[in-house]
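Reviewing the structure listed below.
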Protein chains: 2
Amino acid sequence: MSTIPARRRRATIHDVAVEAGVSRGTVSRVVNDEPYVSEQARIAIEAAIEKVGYVPNNAARSLVMQRSQAVGFIVHEPHSLFLEDPNIGGILLGANTALSSADYQMVCLIIDSDRDNDRVARYLSGGFVDGVIIVSARQNDPITRIVEKLALPSVFVGHPPDLRQLPFVGIDNRSSARAITERLIGTGRKRIGMIAAALDRDSGADRLAGFRDALGPRFDPALVEDVPLYAFSAGVDGMRRLLERAPDLDGVFAASDAVAAGALEALREAGRSVPGDVGVVGFDDSAWALRCQPPLSTVHQPAAGLGEAAAESVLAQLRGEEPDLGGILLDTPIVWRDSA
Amino acid sequence: MSTIPARRRRATIHDVAVEAGVSRGTVSRVVNDEPYVSEQARIAIEAAIEKVGYVPNNAARSLVMQRSQAVGFIVHEPHSLFLEDPNIGGILLGANTALSSADYQMVCLIIDSDRDNDRVARYLSGGFVDGVIIVSARQNDPITRIVEKLALPSVFVGHPPDLRQLPFVGIDNRSSARAITERLIGTGRKRIGMIAAALDRDSGADRLAGFRDALGPRFDPALVEDVPLYAFSAGVDGMRRLLERAPDLDGVFAASDAVAAGALEALREAGRSVPGDVGVVGFDDSAWALRCQPPLSTVHQPAAGLGEAAAESVLAQLRGEEPDLGGILLDTPIVWRDSA
DNA sequence: ACATAGTCTGTGCACGTTCACAGAATCTCA
DNA sequence: TGAGATTCTGTGAACGTGCACAGACTATGT
């Protein structure tokens, strides 16, 4: 008969105090790096901590400190995001990096259904997190309302919904779109079209606006085809329709890399060479960009940077600083490859 | 001068008790759905909870209950995983679904550096989580050792490192590879090659073994080309070399969809039609599979199912059940598309 | 020698909950 | 009626920590 090893009680600050022959208070001071503790005591306590394997109990600490040292990372519509949006992983990573160097823990809160909405709402109200990073909030989002009501330090990645004045980080879709279109014009293309996508979202509308900015008076609405989603198949359809309408086209700005990949496919079908007959540029610098044949020229989305900036903003608010309601916009370098 | 709204103290169980005219104990019983409370008291308490907006304080609860109601989701090598591995998102989602319906919170612990290793180790030792799901652990992994030392309920997605006897969920790479190879043989192909990948990992070695199983005595080592990574470019290289060595080849099993996509590219270069001249099958049913031209026949990895199964296993251990050390293997349906 | 400032240490309380226990009230059955 | 079971309620203790406070000890200057 094997003896079941007794699940040993975890060492507490009291055990350390006894071991080191001092009081709880002094141990606490050492653990929290506070002044006014003698070198002798510090050494004894550090040895005792090591010996008994002491790790502070977070629940007790949270209870007395009234904070959790955790930040929520809220993601909506995970199915489409995790599978389609290559940026989300980078944002997650960037946020995690910044939070963990500040000794905060990142808690993923994934909203997949209405039940999840309730659960997350309860979680936020329960004081489990000291702040939140919200990715891709929807219009009329219950979570957004709760965050406001609790006055929880928060930051959105992308524009906050319902035109609210809340802190956010993002990129300037409009000027980025303008920049890459200008670059495409600079290669000598004369008839440049756009496959616009997701015009119901800020990002989609802004990319179209930037395209228009770049072309100025030469902008021709007939050369814009719009598709509902940032998706490969939408790109194929959009490109086909565009080619039908404007067979003499020699340049295309696709609203995302996935759309651009679809466009390349349609161009191949139609027997056009890229970049010979038609120059193509995308947006996002996602995994699609390198997979395409030829590799895409595109606008780089600094996903990790966005995550880091979002985390820094929350941390600043946690330190009591006033958030910048105007939003933080990150640079988007253009990556020039062979497709244009 | 605007008055700063005083950050109101959160309602406690005591406030509810006063409001409802009962004691803390009775409120606690209502909150935790315990028996032995009169209908009258229950109604009064529920009204009081609503009125004062009471939400239980988790820190206090964790402190006295000695558990956190949270499960860690540990991911190694996030850069390659989040960007390359389409399965990780599905696993995350599946695990989250199962955990949240059991009222457990999932905490993402991303290990990106040695510093992260320390931080996560501290986190686990600190009792912040009651169990862990570990994705893609490395050989000789410090986290694995800590989990063992703490006897923390745990489950690996994929085989545990160092041949340890620890619970895991996964797929049967060998029999899946065998099945899809047999299916390819069934289409009448006579000279079938394989681009094996990542032979240093269990998954890679098993897929090769399955291929060998399917061919039996007809297996020809000269028709196997191996590449280091599950990557597109590796697929291109592997296919080129394979074609050089065996120009009469009429079927290829690629060790992953990314590799298969690379193979398609190389076949196109070489002027072979797919599936006309050569039938190609992949593995994973990742986003690559549908993007390819033609779409890939492949083995479906039930990513969400793996996440759910992993979560269920941890939850079962948390309920005190003995884990199944043999591991749980999920079914992998074959998805037949146009590439073979 | 004494006052004063500076350095260090120990103690009790609070945080908000659960749980064991005691006791009150009601019901059941001889 | 009274003993015993059943249902319900309130109370004190405990979980492990940080913090305010009181007090002891040491150095400095008069």
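Proteins come first, then strands; the chains are lettered A, B, ... in the order of their sequence lines, and each starts at number 1.
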Is [X] near enough to [N] that one of its side-chain N or O atoms lies under 4.0 angstrom from OP1 or OP2?
X     : N      : result
A:S23 : C:dT11 : no
B:T12 : C:dG16 : no
B:Y36 : C:dT26 : no
B:N32 : C:dT18 : yes

Checklist line | Opening and closing nucleotides of DNA chain D in contact with chain B, under 4.0 Å to non-hydrogen atoms | finding: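 In short, chain B contacts DNA chain D from D:dT7 to D:dG16.
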Would you say the side-chain atoms of [X] pair up with the backbone N or O of [Y], donor to acceptor, closer than 3.5 Å?
X      : Y      : value
A:R10  : A:V55  : yes
A:D130 : A:S68  : yes
B:N32  : B:E34  : no
A:E312 : A:A98  : no
A:S313 : A:A309 : no

For [X] and [Y], work out which heavy atoms get closest and say how close.
X      : Y      : answer
A:Q165 : A:L325 : O-CD2, 3.5 Å
A:L306 : A:V169 : O-CG2, 3.7 Å
A:A310 : A:I133 : CB-CG2, 4.0 Å
B:Q317 : B:P153 : OE1-CA, 3.3 Å

Check the distance between [N]'s [atom2] and [X]'s [atom1] and give it to me in whole angstrom.
X     : N      : atom1 : atom2 : answer
B:R61 : C:dC15 : CZ    : C1'   : 16 Å
A:L63 : C:dT18 : CG    : P     : 12 Å
B:Q66 : C:dT18 : CD    : P     : 14 Å
B:I13 : C:dT18 : CD1   : C1'   : 8 Å
B:D15 : C:dG16 : CG    : C1'   : 10 Å

So what does [X] touch, heavy atoms closer than 4.0 Å: a base, only the sugar-phosphate, or nothing?
X     : value
A:P56 : sugar-phosphate
A:V64 : base
B:N58 : nothing
A:V22 : sugar-phosphate

Checklist line | A:L99 and A:F73, any side-chain heavy atoms less than 4.5 Å apart | finding: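 A side-chain contact under 4.5 Å is absent here.
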Note to self: Measuring only between side-chain heavy atoms, which start at C-beta, is B:L329 closer than 4.5 Å to B:I171?
What the structure shows: no
Check: Taking five pairs at each end of the helix from C:dA1-D:dT30 to C:dA30-D:dT1, what angle separates the two helix axes (nearest 10°)?
Finding: 50°
Next item on the list: Answer yes or no: does atom CD of A:E148 have more than 12 heavy-atom neighbours from other residues, nucleotides or ligands under 6.0 Å?
Entry: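 Counting other residues, nucleotides and ligands, CD of A:E148 exceeds 12 neighbours.
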Notebook entry, point to check: Considering heavy-atom distances to DNA chain D, does A:A11 or A:R29 have its closest nucleotide positioned more toward the 5' end?
Noted result: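 It is A:A11 whose nearest nucleotide is closer to the 5' end.
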Note to self: Tell me which residues in residues 38-51 of chain A lie within less than 4.0 Å of DNA chain D, going by non-hydrogen atoms.
What the structure shows: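 Those residues: none at all.
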